[in-house]
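Labels below follow one simple rule: chain letters A, B, ... track the order of the sequence lines, proteins then strands, and each chain is numbered from 1.
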2 protein chains.
Amino acid sequence: MGLSPSVQRLPTTFPLDEILVGDCIASMNALPPSSVDCVFADPPYNLQLGEGGLLRPDHSFVDAVDDDWDKFATFEAYDTFTRAWLTAARRVMKPNATLWVIGSYHNIFRVGSALQDLGFWILNDIVWRKANPMPNFRGKRFTNAHETLIWASRSAESKGYTFHYEGLKGGNDDVQMRSDWFIPLCTGDERLKGADGLKVHPTQKPEALLARTLLSATNPGDVILDPFFGTGTTGAVAKRLGRRFIGCERDPVYADAARKRIDAVEPLSTAALLVAPTKRAEPRVAFLSVIEAGHIRPGEMLSDARGRHTAIVRPDGTLMAGPVAGSIHKIGALVQGLPSCNGWDFWHATRGGKPVLIDTFRAKMRAAMGSAA
Amino acid sequence: MGLSPSVQRLPTTFPLDEILVGDCIASMNALPPSSVDCVFADPPYNLQLGEGGLLRPDHSFVDAVDDDWDKFATFEAYDTFTRAWLTAARRVMKPNATLWVIGSYHNIFRVGSALQDLGFWILNDIVWRKANPMPNFRGKRFTNAHETLIWASRSAESKGYTFHYEGLKGGNDDVQMRSDWFIPLCTGDERLKGADGLKVHPTQKPEALLARTLLSATNPGDVILDPFFGTGTTGAVAKRLGRRFIGCERDPVYADAARKRIDAVEPLSTAALLVAPTKRAEPRVAFLSVIEAGHIRPGEMLSDARGRHTAIVRPDGTLMAGPVAGSIHKIGALVQGLPSCNGWDFWHATRGGKPVLIDTFRAKMRAAMGSAA
DNA sequence: CTCTAAGGTGAATCTCCTT
DNA sequence: CAAGGAGATTCACCTTAGA
């Protein structure tokens with residue numbers, strides 16, 4: 001490649017919120033292992049079969065010396081390149097980090113196969129449905145109105161990855177966020193333009209797309225690595241959302257544009273970025289504590305919503321149904337003949353003649369614990 | 001399998017509108033080369049489901065695909081299988097024939113890579129957006145709400161393939177048909193059920209999906225080959241639309257069901273062979289999308305009509321009132337002390353000193369989404 | 001008969017902590 | 001490290017039962 005050592009930054013300290021100008025594989029290999037929380041990658045994918053093989057469309061501003069970067073004579077060459085950067089990225093991922101890659105039908109099947117071969121575990125493929133796609137001018141195909149993102153964990157054993165299920169559901173009319181996202185292209189003021197009025201980068205991604213990925217799969221303060229930084233959409237969105245970034249970009253012109261762009265970004269207030277705790281992460285409350293706090297009396301009778309099943313509360317926090325005693329969950333499962341049951345969402349106490357779910361009392365205790373802390 | 005030679009049909013005449021019971025590769029190899037106009041393939045997806053099974057929140061059991069035909073030991077074994085049937089299919093394709101394959105993220109990247117390696121030329125990838133997908137019961141991923149079809153010609157030199165651009169456009173309110181299709185699952189009367197009331201095949205595809213592919217990429221009288229015929233959706237739709245079919249199916253039970261099904265199909269009159277009008281999705285707009293579109297800023301304060309209640313907009317599309325975060329509906333209900341609330345008709349942003357109902361912004365987006373929904 | 005309520009179901013790589 | 005238990009988790013559509 002012939003990059004001078006001064007340009008190829010080899011960080012002694014961890015390069016937070018910086019752009020590493022140079023080959024992304026060398027830059028990633030210079031980072032310590034297990035050091036980033038998320039990778040977002042928008043690799044070259046304008047593969048087109050020309051006379052001599054697969055070529056990326058010409059970019060006049062790309063230095064001729066740099067041509068090797070994005071020319072791929074064959075699928076095999078593209079696969080070699082893909083495996084190389086995926087391997088380097090996987091090394092710097094923490095065990096529960098996740099990877100996002102975006103592509104189109106030209107390259108996404110190569111990328112998807114490669115990451116499966118390398119041990120990544122696909123969590124979803126996401127379809128970015130473009131609000132305003134380029135029409136198919138010649139009328140020979142369907143309008144290519146989407147691109148595909150792959151979301152993958154580092155391995156099948158990575159069960160602890162970040163996913164803000166409840167937040168996404170809350171922002172989507174209280175139904176689960178689906179795998180198809182409808183988002184407009186990057187146009188207007190958001191699109192970076194040079195002094196000549198031309199777009200600086202041919203494939204600048206919309207910030208809304210990056211925002212949804214980072215809000216889904218990262219926490220404030222997390223480090224996001226982007227091996228193909230371009231004009232820095234990942235960095236701009238990361239800064240605005242209170243995340244940290246590391247960008248790799250081999251073209252100094254893109255890197256400069258990205259730096260200026262990110263400098264101008266105002267981060268959101270930390271108040272707006274607070275992560276609501278998931279139910280699983282909330283403090284445990286024992287059923288016995290609810291009794292001890294006086295919300296439920298020993299000897300009281302609990303029932304299900306329709307009054308078909310009943311059980312007696314014992315002072316040690318177990319229930320008794322007929323001759324059998326056990327936890328609220330076990331007895332709930334037993335009376336229903338089910339393999340399991342969440343007793344908090346099944347049993348009701350009677351208050352003012354009406355059934356009150358016992359989870360209501362737990363919620364009160366959690367609220368009281370919060371104000372006390 | 002131990003199929004007897006009499007069952008493994010080796011056609012001396014061309015087997016039009018027949019089901020060849022046996023291994024699809026052997027059946028295809030027994031056909032003359034360059035003899036079919038189109039291939040539609042719904043191969044095993046290699047789902048790799050876990051041992052334990054999956055329960056719904058109400059503890060009922062999810063009837064997953066656990067058939068032996070979907071099990072492969074490794075990705076390598078799946079790739080070998082994929083290359084074998086793709087090679088056999090390619091041999092019988094006419095020079096301008098096209099191939100359709102459907103899959104999910106489990107297998108589609110393997111299939112796409114293999115067919116590129118074999119010389120097929122991808123024309124589009126198509127996203128089947130499911131109207132009614134199965135939810136993600138554990139809240140660990142995005143709802144897997146789509147499957148992917150790849151549409152490919154036999155080679156990059158196949159320029160004369162069939163594509164009914166004008167017909168599709170006419171059936172789509174005179175805008176080009178996009179690469180994302182919104183179609184319901186195969187349920188109700190269309191779903192084949194046995195005498196026991198259970199579904200005959202675990203993965204029967206909707207006829208609407210096949211109809212759109214065949215109307216797009218074949219002519220009346222064309223021969224469509226389906227190497228994984230199953231219960232014969234391809235054959236049923238082909239007959240109804242005045243096309244011919246050849247089906248390969250290993251399981252005689254599926255083949256019998258398919259034969260009976262296809263016998264009952266009434267072909268449409270030629271006058272009726274127009275593109276079915278596009279079924280529009282109801283334009284659901286997430287509050288998050290309103291933020292992404294820039295109509296409302298994260299960190300902004302919303303209030304009710306009289307300014308008695310306020311909440312902060314978070315970047316993920318939830319609201320925060322005091323320490324509690326949730327959807328526009330949940331927080332609206334919370335601040336009013338009501339059991340429920342339509343947040344769209346409750347919360348206002350301030351524009352030019354005046355309160356503007358947030359539903360105003362949703363209406364703007366619906367208008368802008370137009371045909372894409 | 002109509003209308004409502006309740007129940008079933010679809011290609012799913014679907015938990016996590018403690019003992 | 002395996003086993004067991006706590007407890008968290010569903011959307012759109014269709015069919016059937018019941019009023």
Closest to the [X] side chain: [options]?
X: A:Gln176; options: D:dC11, C:dA11, D:dA6; answer: D:dC11
X: A:Gln116; options: C:dA11, C:dC14, C:dT13; answer: C:dT13
X: B:Arg141; options: C:dT13, D:dA12, D:dG7; answer: C:dT13
X: B:Arg138; options: C:dG10, C:dA12, D:dG7; answer: D:dG7
X: A:Ser340; options: D:dA12, D:dA8, C:dA11; answer: D:dA8
X: A:Lys330; options: D:dT9, C:dT13, D:dA6; answer: D:dA6
X: B:Lys199; options: C:dG10, D:dA8, C:dA12; answer: C:dG10

Base, sugar-phosphate alone, or nothing: which one does [X] contact when heavy atoms must sit under 4.0 Å apart?
X: B:Asp189; result: sugar-phosphate
X: B:Pro43; result: base
X: B:Trp69; result: base
X: A:Arg362; result: sugar-phosphate
X: A:Ser327; result: sugar-phosphate
X: A:Glu282; result: nothing
X: B:Asp42; result: base
X: B:Thr203; result: base
X: B:Ala64; result: base
X: A:Ile122; result: base
X: B:Gly230; result: nothing
X: B:Lys193; result: nothing
X: B:Asn136; result: base

Distance-only donor-acceptor test, B:Lys130 side-chain atoms vs C:dA11 base atoms, 3.5 Å: no
B:Arg56 (side chain) and D:dT9 (base): donor-acceptor pair under 3.5 Å: no
Rounded distance (Å) that lies between atom [atom2] of [N] and atom [atom1] of [X]:
X: A:Phe346; N: D:dG7; atom1: CZ; atom2: C1'; value: 15 Å
X: B:Arg129; N: D:dC11; atom1: CZ; atom2: P; value: 17 Å
X: B:Asp58; N: D:dT10; atom1: CG; atom2: C1'; value: 8 Å
X: A:Trp347; N: D:dG7; atom1: CH2; atom2: P; value: 15 Å
X: A:Ile331; N: D:dA6; atom1: CD1; atom2: C1'; value: 14 Å
X: B:Asn132; N: C:dG8; atom1: CG; atom2: P; value: 18 Å
X: B:Met134; N: D:dC14; atom1: CE; atom2: C1'; value: 16 Å
X: A:Leu357; N: D:dA8; atom1: CG; atom2: P; value: 11 Å

Expressed as a whole number of Å, how far does the [atom1] atom of [N] sit from that of [M]?
N: D:dA17; M: C:dC1; atom1: P; answer: 15 Å
N: C:dG8; M: D:dT10; atom1: C1'; answer: 13 Å
N: C:dA11; M: D:dT15; atom1: C1'; answer: 23 Å
N: D:dG7; M: C:dA12; atom1: P; answer: 30 Å

Using Watson-Crick or G-U wobble geometry with both distances below 3.5 Å, tell me the partner of [N], or none.
N: C:dA11; result: none
N: D:dG7; result: none
N: D:dA17; result: C:dT4

Counting just side-chain N and O atoms, does [X] come under 4.0 Å of either OP1 or OP2 of [N]?
X: A:His329; N: D:dG7; value: yes
X: A:Asn342; N: D:dT9; value: no
X: B:Lys140; N: C:dC16; value: yes
X: B:Ser60; N: C:dG8; value: no
X: A:Tyr165; N: D:dT10; value: yes

Please work out whether the ring planes of [X] and [Y] are parallel, tilted or perpendicular, with thresholds of 30° and 60°.
X: B:Phe81; Y: B:Phe72; result: tilted
X: A:Phe109; Y: B:Phe109; result: tilted
X: A:Phe163; Y: B:Phe142; result: perpendicular

Ring-base stacking, B:Phe137 with C:dC14 (5.5 Å, 30° cut-offs): no
Shortest non-hydrogen contact from A:Arg90 toward A:Ser155: NH2-CB, 3.8 Å
Which residue lies more 5' along DNA chain D, comparing B:Gly188 with A:Asp359 via nearest heavy atoms: A:Asp359
5′-ward residue of the pair A:Ile328/B:Thr143 relative to DNA chain D: A:Ile328
Evaluation steps, ring pair (Phe, Tyr, Trp, His ring centres under 6.0 Å), between A:Trp151 and A:Tyr161: CA-CA 11 Å; A:Trp151 181 41; A:Tyr161 58 86; 5.5 Å; yes
B:Arg191 versus B:Thr187, side-chain donor and acceptor atoms under 3.5 Å: no
A:Arg154 to A:Phe120, cation-pi by 6.0 Å centre distance and 45° axis angle: no
NZ or CZ of A:Arg129 within 45° of A:Trp181 ring axis and under 6.0 Å: no
Syn or anti for C:dT13 (syn when the glycosidic angle lies within 90° of 0): syn
Test: A:Asp180 and A:Arg178 ion pair at under 4.0 Å: yes
Residue met sooner reading DNA chain C from 5', once A:Arg306 and B:Tyr105 are mapped to nucleotides: A:Arg306
Residue whose closest nucleotide on DNA chain C lies nearer the 5' end, A:Arg284 versus B:Gly139: B:Gly139
Chi angles and distances behind the side-chain hydrogen bond (donor to acceptor under 3.5 Å, both in side chains) call for B:Glu147, B:Tyr105: CA-CA 8 Å; B:Glu147 294 187 21; B:Tyr105 67 84; over 6 Å; no
